[in-house]
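Here is the structure we will look at.
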Amino acid sequence: MPSSRKAPVIVITGTPGTGKTTHAQLLAQESPVPLKHINVGELVKEKGLHEEYDEEWQSYTVDEDKLLDELEPLASEGGIILDWHTCELFPERWADLVVVLRCDHTKLWDRLEKRGYPLKKIQENNQAEIMQVVLDEARSSYAQEIVVELQSEGTEDLESNVARIVQWIEAWQKDREQS
Ligand code: ADP
């Protein structure tokens, strides 16, 4: 964790539909330090950080080098929330906290159906959630003590999760002031 950072880098990850963007938006509003919400999927589209569009999966193949180059200065500066469905690509040194959102798979199915995802994509994500693919990925990519698994099934979860992250930020700030 570079000492120059005045605000942390918080990764919010999880299977699509678990609530990353909803959490990141609320956290950006409630955080005691300014945090910029970076929706990595949107950034990839906006800046063309991808190779080709995969019609079958209806998604972009990300150009990982371009994406890392784009994010590096932001991560070094700190004060960002990285909202993406995968996190193993990010260098370990970037993250101060990695939040993995989880959701019951039947609820996730409904959310993805509402979003208009094709059946194949819903099934793939549903399986990934059952098999806790993103959680395992986070645990194998970062130090155990910075990875937090949080349920995201309803509004109460959303509010308590964000309140918990806010407390974590306050503790992170205090730590910084003391050292
Ligand atoms: P992601 O960014 O992980 O793909 P979103 O934040 O876009 O997920 O959420 C997907 C859908 O599920 C949205 O309609 C959102 O309102 C809903 N949702 C996500 N998390 C919660 C939650 N904790 N409580 C209620 N609704 C939620």
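In this text, all values refer to a predicted model and were calculated from it rather than measured experimentally. FYI, the numbering just counts along the sequence from 1.
Looking at heavy atoms from C-beta onward, L158 lies in side-chain contact with T22 at the 4.5 angstrom threshold.
Using modelled atom types and a 3.5 Å distance limit, the side chains of S76 and E72 yield a donor-acceptor pair. No side-chain donor from either of E88 and S140 sits under 3.5 Å from a side-chain acceptor of the other.
Remark: E77 does not engage K6 in a salt bridge, criterion side-chain N to carboxylate O under 4.0 Å.
Under a 3.5 Å cut-off, the side chain of E52 and the backbone N or O of T61 do not form any donor-acceptor pair. Although no hydrogens or angles enter the test, the distance criterion places no donor-acceptor pair under 3.5 Å between the side chain of R102 and the main chain of L135. With hydrogens and angles ignored, the 3.5 Å screen pairs no side-chain donor or acceptor of D96 with any backbone N or O of P8. A donor-acceptor pair is defined here as one N or O able to donate and one able to accept, closer than 3.5 Å; no such pair exists between the side chain of Q151 and the backbone of L101. In this structure, the side chain of S152 engages the main chain of T18 through a donor-acceptor pair within 3.5 Å.
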Checklist entry - Stepwise, does the side-chain contact (heavy atoms from CB on, under 4.5 Å) test hold for I165 with I10? => result CA-CA 9 Å; I165 303 170; I10 299 176; 3.9 Å; yes
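The CG atom of N125 lies 11.0 Å from the CD1 atom of I130; values are rounded to the nearest 0.5 Å.
For the residue pair A7 and V33, the shortest heavy atom distance occurs at CB-CG2, 4.0 Å. When all heavy atoms of G17 and K20 are compared, the closest pair comes out as N-NZ, 4.2 Å. I169 approaches P32 most closely through the heavy-atom pair CG2-CG, 3.8 Å. Nearest heavy atoms, V100 versus A138: CG2-CB, 3.6 Å. Of all non-hydrogen atoms in H50 and V44, the two that sit nearest each other are CD2-O, 3.4 Å. The minimum heavy-atom distance between C103 and R111, with the atom names listed, is SG-NH1, 3.7 Å.
Here the options are D63, L89, V62, L49, the test is side-chain contact (heavy atoms from CB on, under 4.5 Å), and the partner is L68; only L89 passes. Between W84 and the choices L67, V134, L71, the side-chain contact (heavy atoms from CB on, under 4.5 Å) rule is met once, by L67. When the options V40, T13, V98 are evaluated for a side-chain contact (heavy atoms from CB on, under 4.5 Å) with F90, the one that passes is V40.
Screening residues 158-170 for side-chain hydrogen bond (donor to acceptor under 3.5 Å, both in side chains), with sequence neighbours left out, gives H23-N161.
Legend: residues meeting side-chain hydrogen bond (donor to acceptor under 3.5 Å, both in side chains) with H37, ordered by chain and number and at least two apart, are D83.
Between Y60 and Y53, the two ring planes are perpendicular [angle over 60°; tilted spans 30° to 60°].
Other residues sharing the hydrophobic cluster of W109, ordered by chain and number and joined by side-chain separations under 4.5 Å: L108, L112, Y117, L119, I122.
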